[in-house]
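FYI, side chains are in, hydrogens and waters are out, and symmetry mates aren't considered; it's all heavy atoms of this structure.
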Protein chains: 2
Amino acid sequence: MLAQQSEADPLTSERIAGSVNTNPVFIRRILGLLSRAGLVASQPGVGGGWRLRRDAASISLLDVYEAVGAGPLLALHHRMPNPDCLIGRNIQRTLLNYFGEAEAAFKQALARQTIAQVLETAQEGELSSPA
Amino acid sequence: MLAQQSEADPLTSERIAGSVNTNPVFIRRILGLLSRAGLVASQPGVGGGWRLRRDAASISLLDVYEAVGAGPLLALHHRMPNPDCLIGRNIQRTLLNYFGEAEAAFKQALARQTIAQVLETAQEGELSSPA
DNA sequence: CTGATCCGCAACTATACTCATTACGAATAG
DNA sequence: CTATTCGTAATGAGTATAGTTGCGGATCAG
């Protein structure tokens with residue numbers, strides 16, 4: 001939505017929340033994370049709201065993914081394995097390596113996709129749908 | 001652990017649980033999923049337990065991932081977006097496309113890795129560690 | 001046949017996480 | 001000054017994860 005909006009006319013968290021069908025506080029929390037990552041900026045007061053700080057074509061989905069600080073794709077069991085077991089004492093380190101490779105492939109794919117592309121695709125979908 | 005174990009000497013869920021430092025029921029729940037996918041088999045009774053049904057080199061991490069039925073890597077917001085908004089009525093379909101590409105890259109990476117490789121890496125880690 | 005294992009499954013609980021909601025202070029434009 | 005909007009904290013409902021107990025069914029040794 002921000003990519004679609006003119007820079008001079010920022011979007012309020014309430015309008016965005018209306019589109020997502022949720023509440024403004026939830027939106028502000030997420031936008032706060034994106035703001036800390038330098039992707040968006042907020043303006044308080046009358047006529048205020050949110051706008052992109054960088055061009056939509058320069059923001060990759062990976063930028064967004066990292067900004068919101070998602071946890072690892074494949075989590076390890078939260079309890080320490082048994083160090084008396086050959087597998088137990090080596091499996092976590094080993095799995096982190098293997099999972100890391102898969103996660104890297106995932107991130108590379110996200111890095112190739114930009115907000116501008118997503119916006120364009122959404123608008124194309126609009127044209128082709130018969131209403 | 002199952003890949004390391006001889007076929008003739010199945011592992012009980014209690015032994016596995018001891019290595020993971022959790023309880024047998026949790027292990028049985030997961031192995032039940034792997035069993036339905038044909039990756040492992042269980043044997044009740046004295047001397048029973050679990051064993052691999054296929055060679056460890058033929059089981060990819062993707063096989064395991066799909067067997068445990070993990071949800072999508074990137075979930076959509078659980079409430080329907082506002083259909084009166086251009087973005088709202090197109091964003092879910094659009095994002096599913098983009099997320100799907102990233103998830104496909106992730107799965108391709110998992111497909112290239114096998115249980116046999118993981119076991120070997122864990123055993124190598126054992127050799128190189130100074131105890 | 002009997003008893004000791006061991007799986008399979010259901011029920012219940014504790015803990016944690018996600019999101020909705022309310023509230024209130026700070027910043028800003030007119 | 002006042003209306004608006006962000007920023008953040010507190011609270012609660014709903015859901016997910018995993019720990020625990022219990023018990024029935026299958027299997028094997030004797």
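Rounded to whole Å, the distance from CH2 on A/Trp50 to P on D/dT5 is 14 Å. Atom pair A/Arg51:CZ and D/dT5:P shows a separation of 17 Å (rounding to whole Å applied). Distance, A/Leu34 CG to D/dG7 P: 12 Å, rounded to whole Å. Atom P of nucleotide C/dC6 and atom CD1 of B/Ile27 are separated by 16 Å, given to the nearest angstrom. Here the C1' atom of nucleotide C/dC7 and the CD1 atom of B/Ile16 are 12 Å apart, to the nearest Å.
At least one side-chain nitrogen or oxygen of B/Ser42 sits closer than 4.0 Å to the OP1 or OP2 atom of C/dG8.
Distance check, rounded to the nearest 0.5 Å: CZ of A/Arg54 to CG of A/Leu39 gives 5.5 Å. Here A/His77 contributes atom NE2 and B/Ile30 contributes atom CD1; the two are 7.5 Å apart, rounded to the nearest 0.5 Å. Summarising the geometry, atom CG belonging to A/Asn90 is positioned 10.5 Å from atom CG belonging to A/Leu95; distances are rounded to the nearest 0.5 Å. One distance of note links OG1 of B/Thr114 with CG of B/Leu119; it measures 9.5 Å at 0.5 Å rounding.
Using a distance-only test at 3.5 Å, with no hydrogens or angles considered, a donor-acceptor pair links the side chain of B/Glu103 to the main chain of B/Leu73.
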Task: Contact pattern, 5' to 3', of nucleotides 21-30 of chain C - B, S or - by protein heavy atom under 4.0 Å - done: BBB---BBS-

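At most 12 non-hydrogen atoms from other residues, nucleotides or ligands lie less than 6.0 angstrom from CZ of B/Arg15. For A/Glu14, the CD atom sits in a loose shell: 12 or fewer heavy atoms of surrounding residues, nucleotides or ligands are nearer than 6.0 Å.
Mapping B/Arg36 and A/Asn21 onto DNA chain C by nearest heavy atom places B/Arg36 at the nucleotide closer to the 5' end. Mapping A/His78 and A/Gly49 onto DNA chain D by nearest heavy atom places A/Gly49 at the nucleotide closer to the 5' end.
Linking ILVMFWY residues whenever their side-chain heavy atoms come closer than 4.5 Å, directly or via other members, leaves A/Leu11 and A/Val46 in distinct clusters.
Between the side chains of A/Asp63 and A/Ser60, at least one donor-acceptor pair of N or O atoms lies under 3.5 Å. Under the 3.5 Å distance criterion, with hydrogens and angles disregarded, no donor-acceptor pair is assigned to the side chains of A/Thr22 and B/Arg79.
Two end axes, each from the C1' atoms of five base pairs, can be drawn for the helix from C/dC1-D/dG30 to C/dG30-D/dC1; they diverge by 20°, to 10 degrees.
At a non-hydrogen distance threshold of 4.0 Å, A/His77 from residues 64-77 of chain A come into contact with DNA chain D.
If you check D/dC6, C/dG8, D/dT8 against the side chain of A/Ser13, the one that comes closest is D/dC6.
Between B/Leu31 and B/Ile16 there is a side-chain heavy-atom pair separated by less than 4.5 Å.
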